[in-house]
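Got a structure for you, questions after.
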2 protein chains.
Amino acid sequence: MSKTYTPATAAADVETTLAWLGGRWKLIILFHLFGGQVQRYSDLERLIPDISQKMLAQQLRQLEADGLVQRTVYPVVPPKVEYRMTEWGQSLCPVLDGLLKWQAAKPTN
Amino acid sequence: MSKTYTPATAAADVETTLAWLGGRWKLIILFHLFGGQVQRYSDLERLIPDISQKMLAQQLRQLEADGLVQRTVYPVVPPKVEYRMTEWGQSLCPVLDGLLKWQAAKPTN
DNA sequence: CAGCATCCCGCTAGATACTG
DNA sequence: CAGTATCTAGCGGGATGCTG
């Protein structure tokens with residue numbers, strides 16, 4: 001049972017998806033979480049040296065709100081928060097792989 | 001022979017690709033050209049009522065520069081210009097389809 | 001440790017007017 | 001018909017300082 005797409009609706013849907021991934025940092029964050037990797041906030045800060053705290057926190061919240069990333073808070077002192085992909089988020093990996101394969105097939109690169 | 005990806009390089013490559021498609025209008029334009037459709041500048045203006053002439057021209061130039069769209073100028077009066085997907089650009093269609101399928105699989109939508 | 005609050009700047013998109 | 005040129009506004013993103 002697939003939807004019927006017009007150019008307008010298809011474009012809008014793809015745009016929605018791209019908005020989930022858009023911005024300068026989200027993909028970088030995602031690639032640090034793919035494959036079941038679990039990272040703490042400070043891990044991600046270390047892995048992505050150029051990102052500001054504001055942007056890291058903000059983008060993580062959006063990824064969580066969009067259902068891509070799961071955030072786990074442990075009620076300990078000092079605070080401990082872990083981030084990992086949701087199952088659905090992990091299923092984005094092969095899709096992005098398709099994108100990379102398409103890119104690699106570009107003629108006269 | 002595939003490339004070796006680190007989180008950083010993979011993210012950068014995907015980001016490059018998303019930049020080809022990014023912005024508010026490019027996907028809409030592409031979906032009006034997929035499947036071998038040929039459109040004149042004025043056709044696209046009519047099909048995408050909210051786009052300004054500046055943005056339409058600009059985005060088309062970028063899509064052309066990125067190798068997605070082919071621009072054909074006929075030396076006649078009044079001017080006639082046609083746009084169509086390149087073969088490589090057309091091959092993006094199934095990739096976007098994968099994106100739409102992934103989106104549709106989102107839980108608790 | 002893991003954030004939030006504020007201020008600020010550059011860039012891109014949008015509006016409008018003009019042209020070969 | 002198929003575009004340029006110019007001006008402006010809004011928003012994403014960066015720097016800095018503060019907190020439970």
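Throughout, a chain's letter reflects where its sequence line sits, starting with A, and its residues are numbered from 1. Values below: every heavy atom of this structure, side chains too, minus hydrogens, waters and symmetry copies.
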Can you check whether Trp25(B) has a side-chain N or O nearer than 4.0 Å to OP1 or OP2 of dG14(C)? yes
Taking only the side-chain heavy atoms of Val81(A) (C-beta and beyond), determine which of dG14(C), dA2(C), dG3(D) contains the nearest atom. dA2(C)
When you measure from the side chain of Gln70(B) to the backbone of Tyr83(B), do you find a donor-acceptor pair of N or O atoms at a distance under 3.5 Å? no
Check the distance between dC11(D)'s P and Gln59(A)'s CD and give it to me in whole angstrom. 16 Å
Could you check Pro79(A) against Glu82(B) and say which one's nearest nucleotide on DNA chain D is further toward the 5' end? Glu82(B)
I want to check one thing: is the phosphate of dC1(C), taken as OP1 and OP2, less than 4.0 Å away from some side-chain N or O of Arg40(A)? no
Under 4.0 Å from OP1 or OP2 of dT4(D): is there any side-chain N or O of Arg61(B) that close? yes
Round to a whole Å and report the spacing from CD of Gln53(B) to C1' of dT19(C). 11 Å
In whole angstrom, what separates Gln58(B)'s CD from dA5(D)'s C1'? 13 Å
Please state whether the phosphate of dA2(D), meaning OP1 or OP2, lies under 4.0 angstrom from any side-chain nitrogen or oxygen of Arg71(B). no
Picking from dG3(C), dA2(D), dG20(D), which would you name as closest to the side chain of Tyr41(B)? dA2(D)
Once hydrogens and angles are ignored, does a donor-acceptor distance under 3.5 Å link the base of dG3(D) to the side chain of Lys54(B)? no
For the residue pair Trp88(B) and Trp102(A), categorise the inter-ring angle as parallel (less than 30°), tilted (30 to 60°) or perpendicular (more than 60°). parallel
Closest nucleotide among dG3(C), dG14(C), dG13(D) to the Arg24(B) side chain: dG14(C)
Separation of dA13(C) P from Glu15(A) CD (nearest whole Å): 11 Å
Specify the separation, in whole Å, of atom CG of Asp50(B) and atom P of dA15(C). 8 Å
Sub-3.5 Å donor-acceptor pair from the side chain of Gln59(B) to the main-chain atoms of Ile29(B), do we have one? no
Rounded distance (Å) that lies between atom P of dG14(C) and atom CD1 of Ile51(B): 8 Å
I need the OH-C1' distance between Tyr83(A) and dC1(C), as an integer number of Å. 11 Å
Hey, are the side chains of Lys26(A) and Leu63(A) touching, using non-hydrogen atoms and a 4.5 Å cut-off? yes
Please report, rounded to the nearest Å, how far the C1' atom of dG3(C) is from the NZ atom of Lys80(A). 17 Å
Counting only side-chain heavy atoms from C-beta out, which of dC1(D), dG14(D), dA2(C) sits nearest to Ser42(B)? dC1(D)
Side chains of Val69(B) and Met85(B): closer than 4.5 Å at any heavy-atom pair? yes
